[in-house]
Colleague: 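Here it is, the structure, as structure tokens.
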2 protein chains.
Amino acid sequence: MEKNQVPDIVVARLPLYLQTLKTLENEGAYNTSSKDLGQKLGISAAQIRKDLSHFGEFGKQGTGYSIKYLTECLEEILHVNKTWDMALIGVGFLGHAIVNFQGFYNQGFRIKCVFDSDPNKIGQIVAGFEIMDIKNLEATIKENRIKVAMITVHAENAQEVTEKLINAGVKSILNYAPIVLKVPTGIQVQYINPIIELQHMTYYLE
Amino acid sequence: MEKNQVPDIVVARLPLYLQTLKTLENEGAYNTSSKDLGQKLGISAAQIRKDLSHFGEFGKQGTGYSIKYLTECLEEILHVNKTWDMALIGVGFLGHAIVNFQGFYNQGFRIKCVFDSDPNKIGQIVAGFEIMDIKNLEATIKENRIKVAMITVHAENAQEVTEKLINAGVKSILNYAPIVLKVPTGIQVQYINPIIELQHMTYYLE
DNA sequence: ATTTCTAAGTTAAATTTATCACAAAACAAT
DNA sequence: ATTGTTTTGTGATAAATTTAACTTAGAAAT
């Protein structure tokens with residue numbers, strides 16, 4: 001990935017730390033340590049300390065980390081101390097499930113608009129969102145200054161949608177279509193693909 | 001990960017190669033090369049050759065790889081030259097979307113049974129599957145010798161479900177709940193978590 | 001037949017990533 | 001006050017991963 005100094009593989013772990021901190025907080029804990037976090041995440045305490053050391057000093061020797069404080073610091077580092085508006089493109093079964101997902105808001109995200117190209121779907125209300133015509137995608141995303149989008153269209157249409165999104169100013173794309181997207185530098189893409197994960201695991205079976 | 005010799009990070013890339021090969025095949029191509037695959041995947045040709053070299057020789061110097069042959073070889077390596085029966089636990093919006101997903105079968109997987117704990121859901125038919133009582137989970141999974149499961153329950157219940165699955169003989173778990181599962185060695189777990197991916201990307205924004 | 005071009009497989013080098021081990025600090029208990 | 005315990009942050013070291021470079025082989029063109 002781009003932005004130098006901190007390796008992307010380190011950045012990729014920060015959201016996991018945040019997730020674990022939030023779980024701990026929900027359980028009523030106030031403090032934790034690299035050892036504790038490491039055990040919960042299945043990684044070494046040293047790695048957690050090393051990762052955090054890229055960004056500053058957040059703990060106290062002898063006592064560890066304040067969950068509240070480290071949470072705040074990580075949220076700031078990851079820029080989720082604000083709420084990002086998101087667009088979702090493709091309201092099939094999966095898009096429907098995502099629109100109904102209640103877990104985004106606390107984590108720095110909210111769905112702002114929802115698109116599809118199917119005339120039978122356009123105008124329908126799903127979880128309080130009116131499905132908009134994909135023809136209005138660029139105008140609407142520009143107007144709302146949306147920087148984050150989720151793609152849940154079929155693989156055949158994903159690249160075309162991607163180009164429209166980038167054209168409209170989207171910088172980060174979470175792609176559920178089973179295809180690698182071609183994007184210019186400066187655009188972030190992450191993939192969600194259960195088949196890939198399943199095949200990864202079956203390697204170890206039998 | 002466990003199984004020695006081949007690094008897990010290499011194994012993790014094989015399903016991506018397979019995905020790209022299938023896309024190429026659908027486009028009517030017969031042959032490809034490490035350079036071509038690398039460009040499509042955004043990784044170096046050398047890495048693809050190095051990765052494949054862990055498992056044998058699949059190409060021809062000067063001409064590259066037969067898509068059909070390399071596909072077959074990768075399917076064999078990943079053990080998806082058969083179809084794995086899967087269980088799905090938790091039929092909320094997400095579980096519903098997954099049960100209706102048509103893309104598993106060609107890739108080595110099929111859903112065999114579907115569980116929930118909600119009395120209002122048990123007995124309902126979703127995409128041709130009768131939702132079964134989670135109380136019958138262990139017996140049914142043992143009976144069907146199911147080795148692969150997907151967890152789409154709430155985070156609070158994911159660990160408990162995991163233990164039941166492992167007890168019933170499941171070896172590979174695809175977990176959609178936002179929590180790290182504790183499992184004994186020899187059990188594979190992969191995670192699908194859009195929040196983690198989104199937060200990874202927002203690090204690079206603004 | 002020879003030359004040219006392409007591309008796999010592989011060894012070596014470079015780079016990246018993870019681990020180790022330790023000094024310094026905080027705190028509790030005596 | 002001193003001792004013992006815990007745990008951070010970090011520089012040094014080790015391990016891993018990736019890249020680069022090279023040898024070999026196949027195919028096409030002259």
Side-chain angles (χ1 to χ4, degrees), chain A residues 1-17 20-21 24 29-74 77 200 203, chain B residues 1-18 20-21 24 29-74 77 180 200 203:
Chain A
M1 248 86 178
E2 286 59 26
K3 191 179 205 173
N4 234 8
Q5 193 78 326
V6 182
D8 182 62
I9 197 160
V10 171
V11 175
R13 280 191 292 263
L14 300 183
L16 291 168
Y17 300 164
T20 306
L21 287 168
L24 282 168
Y30 290 96
N31 295 287
T32 185
S33 64
S34 59
K35 187 180 168 194
D36 182 33
L37 285 171
Q39 279 173 348
K40 293 209 159 46
L41 283 161
I43 63 182
S44 77
Q47 182 163 74
I48 292 174
R49 293 201 302 276
K50 199 78 200 275
D51 284 354
L52 294 177
S53 77
H54 286 99
F55 303 97
E57 307 190 357
F58 308 107
K60 268 222 284 277
Q61 286 158 319
T63 45
Y65 303 95
S66 151
I67 288 173
K68 186 165 179 294
Y69 179 65
L70 185 54
T71 299
E72 284 167 7
C73 291
L74 284 173
I77 291 165
H200 180 178
Y203 172 79
Chain B
M1 247 84 175
E2 286 60 26
K3 191 179 206 173
N4 235 9
Q5 194 78 324
V6 181
D8 183 63
I9 198 161
V10 171
V11 175
R13 279 190 294 262
L14 301 183
L16 291 168
Y17 300 164
L18 194 47
T20 305
L21 287 169
L24 282 168
Y30 290 96
N31 296 288
T32 185
S33 64
S34 60
K35 187 180 169 193
D36 181 34
L37 285 172
Q39 278 174 347
K40 292 208 159 47
L41 283 161
I43 63 182
S44 76
Q47 182 163 74
I48 291 174
R49 294 201 302 277
K50 194 80 203 280
D51 284 353
L52 294 177
S53 77
H54 285 100
F55 302 97
E57 306 190 357
F58 308 107
K60 268 220 284 273
Q61 287 160 319
T63 45
Y65 303 96
S66 151
I67 288 173
K68 187 166 179 291
Y69 179 64
L70 185 54
T71 299
E72 284 167 5
C73 291
L74 284 173
I77 291 165
V180 175
H200 179 178
Y203 173 79

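Convention: sequence-line order gives letters A, B, ...; per-chain numbering from 1. Since the structure is predicted, the reported quantities are computational estimates derived from the model, not experimental observations.
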Colleague: Side-chain donor-acceptor pairs under 3.5 Å in residues 37-47 of chain B, sequence neighbours left out?
Modeller:
residue: Lys40(B); atom: NZ; partner: Asp36(B); partner atom: OD1; Å: 3.0
residue: Ser44(B); atom: OG; partner: Gln47(B); partner atom: N; Å: 3.1

Colleague: How long is the straight-line distance from CG of Leu24(A) back to CG of Asn31(A), given to the nearest 0.5 Å?
Modeller: 10.5 Å

Colleague: Start with the C-alpha distance between Leu21(A) and Tyr65(A), add both sets of side-chain angles, then the distance that settles side-chain contact (heavy atoms from CB on, under 4.5 Å), and finish with yes or no.
Modeller: CA-CA 10 Å; Leu21(A) 287 168; Tyr65(A) 303 95; 6.0 Å; no

Colleague: Looking across every strand, which nucleic acid part, if any, lies under 4.0 Å from Leu52(A) by heavy atom: base, sugar-phosphate, or nothing?
Modeller: nothing

Colleague: Round to the nearest Å and state the distance from Asp8(B) atom CG to dA15(D) atom C1'.
Modeller: 16 Å

Colleague: With Lys60(A), which residues qualify under side-chain hydrogen bond (donor to acceptor under 3.5 Å, both in side chains), at least two apart?
Modeller: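 For Lys60(A), no residue satisfies side-chain hydrogen bond (donor to acceptor under 3.5 Å, both in side chains) once neighbours in sequence are set aside.
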
Colleague: Show your working on side-chain contact (heavy atoms from CB on, under 4.5 Å) between Thr20(A) and Thr32(A) and close with a plain yes or no.
Modeller: CA-CA 10 Å; Thr20(A) 306; Thr32(A) 185; over 6 Å; no

Colleague: With a 4.0 angstrom cut-off to heavy atoms of chain A, pull out the first and last contacting nucleotide of DNA chain C, in 5'-to-3' order.
Modeller: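 So the contact region on DNA chain C extends dT17(C) to dC27(C).
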
Colleague: On a heavy-atom basis, which atom in Pro15(B) and which in Val11(B) lie closest, and how many Å separate them?
Modeller: CD-O, 3.1 Å

Colleague: Could you encode protein contacts along nucleotides 22-30 of chain D as a string, one character per nucleotide from 5' to 3', using B for base contact, S for sugar-phosphate-only contact and - for no contact, with a heavy-atom cut-off of under 4.0 Å?
Modeller: --BBSS---

Colleague: Going by salt bridge (charged side-chain N to carboxylate O under 4.0 Å, His left out), name the pairs with one or both residues in residues 62-71 of chain B, residues two or more places apart or in two chains.
Modeller: Lys68(B)-Glu72(B)

Colleague: Which atom names give the shortest non-hydrogen contact between Ile77(A) and Tyr203(B), and what distance separates them?
Modeller: O-CD1, 3.4 Å

Colleague: Please collect all salt bridge (charged side-chain N to carboxylate O under 4.0 Å, His left out) contacts where either partner lies in residues 48-59 of chain B, sequence neighbours excluded, each pair once.
Modeller: Arg13(B)-Asp51(B)

Colleague: Taking the six-membered ring for Trp, are Tyr69(B) and Phe58(B) parallel (under 30°), tilted (30 to 60°) or perpendicular (over 60°)?
Modeller: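 The rings of Tyr69(B) and Phe58(B) sit tilted, inter-plane angle from 30° to 60°.
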
Colleague: Please give me every residue in residues 36-45 of chain A whose heavy atoms get under 4.0 Å of an atom in DNA chain D, ordered by residue number.
Modeller: none

